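Reading through the structure tokens given below for one structure.
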Amino acid sequence: MSTEAETSLKRTALYDLHIAANAKMVPFAGYTMPVQYPEGVMKEHLHTRNHAGLFDVSHMGQIIVSGEGAAAALERLLPIDVQALAVNQQSYALFTNPKGGISDDLIITRWAKDRFFLIVNAACKEQDLAYLQQQLKGFDVHAVADQCLLALQGLAAKEVMASLAPAACELLFMQGCRAEIDGADCFITRSGYTGEDGFEISVAAGDAQQLAAALLRFNSVQWIGLGARDSLRLEAGLCLYGHDMNDDISPVEAGLLWSISKSRRIDGEKAGGFPGAEIIFQQISAGVARKRVGFRGEGRVPVREGAEIIDDAGTVVGKICSGGYGPSIEAVVAMGYVPTELAVPGTRLNAMVRGKPRPIVVTKMPFVEQRYFRG
Amino acid sequence: MSNTPTELKYASSHEWARLEDDGTIIVGISDHAQQALGDVVFVENPELGTTLAAGDEAGVVESVKAASDIYAPVGGEVIAVNEVLEDAPETINADPYHDGWFYRLQPTDIAELENLLDADAYVQQCEDE
């Protein structure tokens, strides 16, 4: 990589802490981000599930949308029941496009009747902000400047939070609250991207180092890089934008129909009215030709993104969109798109890895039990 | 800090080669390489009887993160592969220079060893990377 490209990479406010922790930094979505620390992906992954992992995800976009009638306006862009969201309740959502594809996925939280907080993917954040500003004229739409996002995930996350911000431990999965940690004003939600119970904490950049230090003071907490974040979300069966879904893949194909609120479906009281609704409704009633499924590899050969999926006759029937070794289940796991008739758990196929067919079996996801706290 | 034994020869592609008393050559990957790769989860060694030229692709080592090719540091016929790695690829991380060896060659021309780096030159290369 050229020096120019390196110097143009953005740093999060936690950069110095990553360097001090001997992180291996890599370019990611315009940022230099920690992909792993000296322990390595495998140990970091297991540490998160068994103890608690701290992730710097400050590269993600944090956007505020406000103004009278913002909920109804957002429903023109998102296929969820924004108006039904209670204050401090959050929801997973998709930005659909006019052809029924997915232009990004996000988490939206209602902060007040007319005020919403959106967390979007780092690689899409400029595009998302421009789209929101263009579509929501008359509303205040802005990225939160100088704000960090930390995720605390895993078995011990609750215990840690109980001593720093006890109120946050009262939250159920997908709820949020404001709380002070060591004098820093935080917005904490019970959410994450690992399949574990845990929290995401939005905090001013100026307070982020101090907050991270307060969390790392617990023996159970250690830094976890983007490498383990990827293997954790894969085991949890969670999609990664740009890999498992994109502009040309619909929510129906991606198996994300659950993210479209009942009230927004064809028989709902607020049916349609979001980009691509007609195409998506047509797909729901007529079915789709391909679907995203999970796979377990039978051998030890990692099956990775881009590998072709073949049937018994050797015909290419699909492609792997995410895959690798799952440290917690100690097996090869992957996701891919296959014709709907093959999208049945137990179906045996092969993935081509370096010219050799490697047996894979369609497997229900998640691969590990999700441990979200639902009360 | 990685370990680089002085009795071995190194390829710039991070394999080591050790000349045995019987004239065969054992090949593995360096401590520096295993550290950079991270936890190894799978190894694809060359098939027994394959004849490799120096620099040929000889197999693949896969970590949790990614797949990396391994190359033949010198030419020769593959006369043994380390079967331990099939079920315990993590041996490469634990002991890259002994139990974590990859394969054994009957060299075509033992003088090819002279084309490889000695430990000092290899350490220098790793520092320059």
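Every chain is numbered from 1, with letters handed out A, B, ... down the list of sequences. Just so it is clear, the model here is predicted, and its values are computed rather than measured.
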Give a yes or no answer on whether the side chain of B:S13 reaches the backbone of B:A11 with a donor-acceptor pair at less than 3.5 Å.
no
Contact class of B:V43 relative to chain A, heavy atoms under 4.5 angstrom
neither
Does any heavy atom of chain A fall under 4.5 Å from the side chain of B:A67, the backbone, both, or neither of them?
both
Over all heavy atoms of both residues, which pair between A:N121 and A:M60 is shortest? Give the atoms and the distance, please.
OD1-CE, 4.0 Å
Using every non-hydrogen atom in the two residues, find where A:V303 and A:A351 come nearest and quote the distance to one decimal.
CG1-CB, 3.6 Å
Any idea which heavy atoms bring A:E200 and A:A151 closest together, and the distance?
CG-CB, 4.0 Å
Quick one: which of A:P38, A:S231, A:P302, A:P327 has the most heavy-atom pairs under 4.5 Å with chain B, could you say?
A:P302
Is the number of heavy atoms from other residues, nucleotides or ligands within 6.0 Å of CG (B:D22) greater than 12?
yes
Heavy atoms only: give me the nearest A:R354-A:V301 pair and the separation to one decimal.
NH2-CG1, 4.1 Å
Quick one: what part of A:E330 sits under 4.5 Å from any heavy atom of chain B, side chain, backbone, both or neither?
neither
Part of A:R300 within contact of chain B (heavy atom distance under 4.5 Å):
both
Part of B:E57 within contact of chain A (heavy atom distance under 4.5 Å):
neither
Region of B:E44 in contact with chain A, defined by heavy-atom distances below 4.5 Å:
side chain
